[in-house]
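Let me begin by presenting the structure, written as structure tokens, before commenting on it.
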Amino acid sequence: QVQLAESGGGLVQAGDSLRLSCAASGRTFTNYIIGWFRQAPGKEREFVTAISMYGGTTWYADSVRGRFTISRDNAKNTVYLQMNSLKPEDTAVYYCAAEAGPYRSTRWLVGNLALWGQGTLVTVSS
């Protein structure tokens, strides 16, 4: 079993960058696909991005492709979300999530996943 803890959220201005981290406990980190979701105030949670077990494959929502980059360091049991060119509409609580591989799009796109972190708030001011 893996437990997840996000960090790195904060208040930034539009156009700024921010990097989120998702630290995982447990010895089976490489068994899991790790991803990020976000939930803006008054909106449903949405898929942002995910990365395969050894980082060879990534998936992105259209709204963040080209601006956000997901990566993982399996030696540190950590996944990163580099967010560039932030927009006010990126304001949300960002959640880290994990699911044992292989990647099942039907589960990831709707957030039907086994493991979740507590979330970290990102606020982008205009």
Side-chain angles (χ1 to χ4, degrees):
Q1 189 78 341
V2 169
Q3 292 184 320
L4 307 172
E6 304 93 335
S7 62
L11 172 63
V12 297
Q13 293 186 333
D16 285 352
S17 298
L18 199 62
R19 190 177 79 160
L20 305 183
S21 298
C22 173
S25 62
R27 297 180 295 174
T28 58
F29 185 68
T30 52
N31 287 351
Y32 291 85
I33 295 168
I34 310 289
W36 292 90
F37 288 73
R38 66 186 182 185
Q39 187 166 19
K43 295 188 177 181
E44 294 186 353
R45 183 178 60 195
E46 63 174 354
F47 170 78
V48 176
T49 181
I51 188 166
S52 61
M53 292 165 286
Y54 289 93
T57 303
T58 55
W59 299 268
Y60 291 95
D62 289 343
S63 58
V64 304
R65 186 175 289 112
R67 299 189 298 122
F68 290 11
T69 302
I70 190 171
S71 61
R72 67 190 292 164
D73 185 339
N74 286 344
K76 296 182 178 180
N77 278 17
T78 302
V79 168
Y80 303 100
L81 179 61
Q82 178 66 43
M83 304 185 294
N84 298 330
S85 302
L86 283 161
K87 305 175 181 179
E89 51 263 43
D90 294 318
T91 294
V93 177
Y94 283 72
Y95 296 93
C96 182
E99 180 88 350
Y103 181 79
R104 298 176 180 87
S105 61
T106 52
R107 295 176 68 87
W108 276 93
L109 292 179
V110 298
N112 183 18
L113 304 169
L115 303 170
W116 292 88
Q118 295 299 309
T120 186
L121 176 62
V122 173
T123 303
V124 184
S125 63
S126 57

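We count residues from 1, following the sequence as given.
- A donor-acceptor pair under 3.5 Å links the side-chain atoms of R67 to the main chain of S85, judged by distance alone.
- With values rounded to the nearest 0.5 angstrom, I34 atom CD1 is found 12.0 Å from S71 atom OG.
- Among the candidates V122, V93, D90, the single residue satisfying the side chain to side chain contact (heavy atoms under 4.5 Å, CB included) test with R38 is D90.
- Judged by distance alone, the side chain of Q13 and the main-chain N or O of S125 form no donor-acceptor pair under 3.5 Å.
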Query raised in the report: Could you go step by step and tell me if F68 and L86 meet the side chain to side chain contact (heavy atoms under 4.5 Å, CB included) rule?
Result: CA-CA 9 Å; F68 290 11; L86 283 161; 3.9 Å; yes
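- The structure places OH of Y94 at 7.5 Å from CG of L81, a figure rounded to the nearest 0.5 Å.
- Distance alone, capped at 3.5 Å, places no donor-acceptor pair between the D16 side chain and the V124 backbone.
- Side-chain atoms of N77 come within 3.5 Å of backbone atoms of G26 as a donor-acceptor pair (strictly under, hydrogens ignored).
- Side-chain atoms of R19 never come within 3.5 Å of backbone atoms of Q82 as a donor-acceptor pair (strictly under, hydrogens ignored).
- The main-chain N or O of V2 is never found under 3.5 Å from a side-chain atom of S25 such that the two would form a donor-acceptor pair.
- The distance from the OH atom of Y32 to the OG atom of S52 is 16.0 Å, given to the nearest 0.5 Å.
- The backbone N or O of N74 sits nowhere less than 3.5 Å from a side-chain atom of Y54 that would complete a donor-acceptor pair.
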